[in-house]
Amino acid sequence: MKKIFVFFLVCFLISCKNSTDKKIITFDENATLKAQLEERSKTVIWSKELNPQILKNPVPALSDVEQDVEVTPPLISIINESELPVYPSIPGFANLDVSKIPQKLKVNINKFCSALCKNIDSIPEDVFIDAYKFNAVFFKQNLIEIKKDKGYKSYIIGSFDESFDLIQVPVRLTGTDFSVDIQISARRDFDYLFEQIDILRWE
């Protein structure tokens, strides 16, 4: 009986020892997520800051903005004078940016359209190339047929297109209750004189 008790005691102690061994957990401080992140950061090649002072310096005051207005990046973008201007456009007609139209061509168009708005019979032919002055006669006749009993009071010049030496400028002629869209084709190599005028549409 004594031998049996000793045998069970030895078995119990061995069992407790094995159970204790299984519960031992080793901890490696280098295995944490933070440690791994710091280790990987050492191998990352970081780009240089383009402007390291941009977040340190205060935003300069804008003379056109009240001091109590919060200055945001979109606001600065709108106020910034270096931004390209935005021009209005008329649906179905053209964009109204005429800033790039050659000055000589503007003079010829204004001369032609101003005379047309005063009197449809006084269309100046000297804005046409000599070989194409007959187009002034055809153009005047077409305008008269569109609106026989009404004259033109104003005009709007649109943004131009160009192809080689030919520049095409849209113009909208307006009356009391109607409008006519035309396209003036001028030649760069003929001092911006007109070659042809086409009627595009009328309302």
Side-chain angles (χ1 to χ4, degrees), residues 60 62-66 69 71-203:
L62 300 174
S63 58
D64 297 334
V65 179
E66 296 293 336
V69 176
V71 178
T72 62
L75 180 60
I76 294 177
S77 176
I78 294 173
I79 298 174
N80 193 343
E81 295 180 357
S82 64
E83 292 294 322
L84 295 176
V86 177
Y87 294 90
S89 61
I90 299 177
F93 173 56
N95 183 281
L96 303 184
D97 177 12
V98 297
S99 60
K100 296 182 180 179
I101 296 180
Q103 185 60 32
K104 178 64 176 184
L105 181 53
K106 286 182 184 178
V107 171
N108 289 339
I109 293 175
N110 286 323
K111 178 180 179 180
F112 176 80
C113 293
S114 296
L116 181 63
C117 290
K118 292 178 181 178
N119 185 353
I120 197 171
D121 292 320
S122 63
I123 295 180
E125 296 183 3
D126 59 345
V127 295
F128 284 82
I129 300 172
D130 288 340
Y132 295 96
K133 285 186 177 181
F134 63 89
N135 281 330
V137 178
F138 293 140
F139 175 70
K140 180 174 71 173
Q141 185 61 36
N142 290 335
L143 283 182
I144 293 175
E145 290 178 359
I146 291 174
K147 295 294 179 181
K148 295 181 180 180
D149 56 342
K150 296 181 179 180
Y152 300 91
K153 297 183 178 181
S154 62
Y155 60 92
I156 303 171
I157 302 174
S159 182
F160 73 97
D161 290 322
E162 60 181 331
S163 176
F164 299 103
D165 286 328
L166 190 66
I167 298 179
Q168 297 176 317
V169 182
V171 177
R172 172 165 288 185
L173 302 168
T174 58
T176 302
D177 56 358
F178 69 95
S179 65
V180 178
D181 291 345
I182 65 175
Q183 179 174 268
I184 297 176
S185 299
R187 293 281 294 273
R188 191 188 303 275
D189 54 343
F190 279 85
D191 201 21
Y192 301 106
L193 293 176
F194 302 171
E195 179 180 289
Q196 184 176 342
I197 298 180
D198 297 307
I199 297 178
L200 302 179
R201 68 185 66 84
W202 61 87
E203 299 178 354

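Heads up: numbering here begins at 1 and tracks the sequence.
Annotation: side chain of N110 is in contact with side chain of I157 (closest heavy-atom distance under 4.5 Å). Taking 4.5 Å as the limit, every side-chain heavy atom of F139 sits out of range of all side-chain heavy atoms of F194. Within the 4.5 Å cutoff, the side chain of L166 has heavy atoms near those of the R187 side chain. At a threshold of 4.5 Å between non-hydrogen side-chain atoms, the residues V171 and F112 do not count as touching. Residues F160 and K100 form a side-chain contact, since some pair of their non-hydrogen atoms from C-beta on lies under 4.5 Å apart.
Every side-chain hydrogen bond (donor to acceptor under 3.5 Å, both in side chains) that Y192 has, sequence neighbours left out, goes to R188.
Atom CD1 in I197 sits 3.5 Å away from atom CZ in F128 (nearest 0.5 Å). A distance of 8.5 Å separates CG in D181 from CD1 in I90, rounded to the nearest 0.5 Å. Remark: L143 CG to I199 CD1 distance equals 4.5 Å, nearest 0.5 Å. A distance of 10.0 Å separates CG of N142 from CG of N135, quoted to the nearest 0.5 Å. Note: I123 CD1 to C113 SG = 9.5 Å, rounded to the nearest 0.5 Å. Atom-to-atom distance recorded for L105:CG and I184:CD1 is 7.5 Å, nearest 0.5 angstrom.
Scanning both residues, S159 and A94, for their nearest heavy atoms gives N-CB, 4.4 Å. Listed here is the closest heavy atom pair of K153 and C117: C-SG, 3.8 Å. Between K140 and I120 the shortest heavy-atom distance is CD-O, 3.2 Å. Shown here for P102 and I167, the closest heavy-atom pair between the two residues is CG-CD1, 4.2 Å. In this structure, P124 and K111 approach most closely via the heavy-atom pair CG-O, 4.1 Å. Between R201 and G92 the shortest heavy-atom distance is NH1-O, 3.1 Å.
Looking at T174, its side chain does come within 3.5 Å of a backbone N or O of S154 through a donor-acceptor pair. A donor-acceptor pair is defined here as one N or O able to donate and one able to accept, closer than 3.5 Å; no such pair exists between the side chain of D198 and the backbone of L200.
Around NZ of K133, the count of heavy atoms belonging to other residues, nucleotides or ligands within 6.0 Å exceeds 12. Residue F93 qualifies as enclosed at atom CZ: its count of foreign heavy atoms under 6.0 Å is above 12.
Exactly one residue among I109, I182, D161 makes a side chain to side chain contact (heavy atoms under 4.5 Å, CB included) with V169. That residue is I109.
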Self-check item: Test log, rule side-chain contact (heavy atoms from CB on, under 4.5 Å), inputs Y152 and V180
Solution: CA-CA 9 Å; Y152 300 91; V180 178; 3.7 Å; yes
